[in-house]
Amino acid sequence: MDFKFDLIEKYMPFFIRGTWITIEISVASIILGTVLGLLIALGKMSSVQIIRQPFIWYINFFRGTPLLVQILLIHFAVMPLFMKPPVALISAITALSLNAAAYIAEIFRAGIQSIDKGQTEAARSLGMTHGQTMKHIIIPQASKRMIPPLGNEFIVLIKDSSLAAIIATEELMYWGRAMMGEYYRPWEPFLTVALIYLILTLTLTQLLNFLERKYALD
């Protein structure tokens with residue numbers, strides 16, 4: 001195999017640019033997905049059926065349909081209702097955030113429900129409201145247990161951001177495909193892209209391991 005490093009060197013500025021956009025998409029989607037996921041989890045745990053049901057449907061839809069289909073629907077069908085022409089970067093962040101929120105909601109729900117109900121009853125007996133109990137008692141404890149599954153979801157989200165290339169978002173995979181289309185050589189662009197994704201996911205893994213050890217010692 002004649003591996004041409006000079007082609008990688010030529011495209012490296014584009015790979016660097018794509019990497020930064022991938023990071024931007026991932027960070028924005030993680031933040032939005034986490035906030036939305038917490039709200040959905042709380043909605044799903046509501047004791048009122050009419051409130052709980054829409055959140056259940058939301059989770060079932062986004063977990064039960066392919067992310068690629070969701071990206072295409074949001075970019076070509078939903079976003080044109082709000083902006084013309086739709087911006088690929090915004091569409092990608094929206095789709096990834098909505099998809100991640102469904103999975104993160106289940107992680108939050110499982111983590112919150114894993115805390116002994118006696119702690120909730122004790123907090124309420126002290127005069128704390130439901131919101132205060134969740135904020136000061138339940139969520140701080142549950143968050144420690146949720147670090148590993150949330151970390152896995154964040155890593156999956158970084159890799160799933162590569163699907164944004166299908167709507168011409170100029171992230172990392174977009175430039176890998178562009179290089180492949182220009183030179184018709186798969187090894188150089190896709191191995192480079194794979195290596196950069198590996199660096200990103202391993203960096204996040206190390207950060208999450210540090211947080212897990214830190215909270216385990218608290």
Side-chain angles (χ1 to χ4, degrees), residues 3-37 61-63 65-105 107 149-208:
F3 197 89
K4 296 186 176 181
F5 288 96
D6 59 313
L7 297 182
I8 297 176
E9 183 179 357
K10 179 181 178 180
Y11 253 81
M12 189 53 65
F14 299 109
F15 286 135
I16 293 173
R17 175 183 174 184
T19 299
W20 280 115
I21 295 178
T22 293
I23 293 173
E24 291 173 2
I25 292 173
S26 300
V27 171
S29 300
I30 286 172
I31 294 172
L32 294 173
T34 300
V35 172
L36 186 58
F61 175 80
F62 279 97
R63 294 182 67 186
T65 58
L67 175 56
L68 179 60
V69 174
Q70 296 166 21
I71 292 174
L72 294 173
L73 278 174
I74 288 172
H75 184 65
F76 293 109
V78 177
M79 281 302 170
L81 300 176
F82 302 96
M83 59 177 67
K84 293 183 179 181
V87 179
L89 179 63
I90 297 177
S91 298
I93 292 174
T94 301
L96 288 167
S97 299
L98 293 175
N99 179 271
Y103 292 91
I104 293 174
I107 294 172
L150 281 176
N152 290 336
E153 177 59 28
F154 295 161
I155 290 171
V156 169
L157 194 152
I158 290 175
K159 294 185 292 184
D160 283 348
S161 68
S162 62
L163 293 174
I166 198 68
I167 55 172
T169 307
E170 295 184 359
E171 44 72 66
L172 183 56
M173 189 61 185
Y174 173 89
W175 293 110
R177 295 176 64 189
M179 182 176 174
M180 168 64 182
E182 182 174 353
Y183 297 109
Y184 295 97
R185 297 179 62 86
W187 286 103
E188 290 85 353
F190 294 137
L191 279 180
T192 303
V193 166
L195 179 60
I196 295 174
Y197 275 117
L198 181 61
I199 293 172
L200 292 177
T201 55
L202 288 179
T203 300
L204 180 58
T205 299
Q206 292 302 313
L207 176 60
L208 293 167

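Numbers for residues simply follow the sequence, beginning at 1.
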Asker: Among residues two or more places apart or on two chains, list those pairs meeting salt bridge (charged side-chain N to carboxylate O under 4.0 Å, His left out) that have a residue in residues 11-20.
Answerer: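 Salt bridge (charged side-chain N to carboxylate O under 4.0 Å, His left out) check on residues 11-20 returns Arg17-Glu170.
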
Asker: Kindly give the heavy-atom pair with the smallest separation between Ile167 and Ala92, and that separation in Å.
Answerer: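 Heavy-atom minimum between the residues: CD1-N, 4.1 Å.
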
Asker: Identify the two heavy atoms, one from Ile107 and one from Glu153, that lie closest to each other, and give their separation to 0.1 Å.
Answerer: CD1-CB, 4.1 Å

Asker: In chain order, what residues pass the side chain to side chain contact (heavy atoms under 4.5 Å, CB included) check against Val156, with sequence neighbours excluded?
Answerer: Asp160

Asker: Please report, to 0.1 Å, the donor-acceptor pairs under 3.5 Å made by any side chain of residues 71-81, with sequence neighbours excluded.
Answerer:
unit_1, atom_1, unit_2, atom_2, d
His75, ND1, Ser91, OG, 2.9

Asker: Hey, could you give me the CG/OG1 distance between Leu89 and Thr169, rounded to the nearest 0.5 Å?
Answerer: 6.5 Å

Asker: With sequence neighbours left out, what residues match Phe15 under ring pair (Phe, Tyr, Trp, His ring centres under 6.0 Å)?
Answerer: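 In terms of ring pair (Phe, Tyr, Trp, His ring centres under 6.0 Å), with neighbours along the sequence ignored, Phe15 is linked to no residue.
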
Asker: Would a 4.5 Å heavy-atom cut-off, applied to side chains only, mark Ser26 and Thr22 as touching?
Answerer: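 Yes, close enough: below the 4.5 Å cut-off.
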
Asker: With sequence neighbours left out, which residue pairs that include part of residues 193-207 fulfil the salt bridge (charged side-chain N to carboxylate O under 4.0 Å, His left out) condition?
Answerer: none

Asker: For Phe82, enumerate each residue passing the ring pair (Phe, Tyr, Trp, His ring centres under 6.0 Å) test, keeping only those at least two apart in sequence or located in another chain.
Answerer: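 For Phe82 there are no ring pair (Phe, Tyr, Trp, His ring centres under 6.0 Å) partners, ignoring immediate neighbours.
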
Asker: Please assess Thr192 against Met179 for the test side chain to side chain contact (heavy atoms under 4.5 Å, CB included), listing each intermediate value before the final yes or no.
Answerer: CA-CA 11 Å; Thr192 303; Met179 182 176 174; 5.9 Å; no

Asker: If you look only at pairs with a residue in residues 19-37, which of them pass as a salt bridge (charged side-chain N to carboxylate O under 4.0 Å, His left out), with sequence neighbours excluded?
Answerer: none

Asker: Restricting to side chain to side chain contact (heavy atoms under 4.5 Å, CB included), what partner residues turn up for Lys10, sequence neighbours left out?
Answerer: Glu182, Tyr183

Asker: Please set out all donor-acceptor pairs under 3.5 angstrom arising from side-chain atoms of residues 95-105, sequence neighbours excluded.
Answerer:
unit_1, atom_1, unit_2, atom_2, d
Ser97, OG, Ile93, O, 2.7
Asn99, ND2, Phe62, O, 3.3
Asn99, ND2, Gln70, OE1, 2.9

Asker: Please list, chain by chain and in numerical order, all residues satisfying ring pair (Phe, Tyr, Trp, His ring centres under 6.0 Å) with Phe154, sequence neighbours excluded.
Answerer: none

Asker: To the nearest 0.5 angstrom, please state how far the CZ atom of Phe3 sits from the CH2 atom of Trp187.
Answerer: 9.0 Å

Asker: What donor-acceptor contacts under 3.5 angstrom involve side-chain atoms of residues 193-205, with partners at least two apart or in another chain?
Answerer:
unit_1, atom_1, unit_2, atom_2, d
Tyr197, OH, Glu171, OE1, 3.2
Thr201, OG1, Tyr197, O, 3.0
Thr201, OG1, Leu198, O, 3.0
Thr203, OG1, Ile199, O, 2.7
Thr205, OG1, Thr201, O, 2.8

Asker: If we only count heavy atoms from C-beta on, is the Met173 to Phe190 side-chain gap below 4.5 Å?
Answerer: yes

Asker: Rounded to the nearest 0.5 Å, how far does CD of Glu188 lie from CD of Glu9?
Answerer: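 That separation rounds to 13.0 Å.
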
Asker: Can you tell me how far apart CZ (Phe5) and CE (Met12) are? Round to the nearest 0.5 Å.
Answerer: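 Going from CZ on Phe5 over to CE on Met12, the span is 10.5 Å.
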
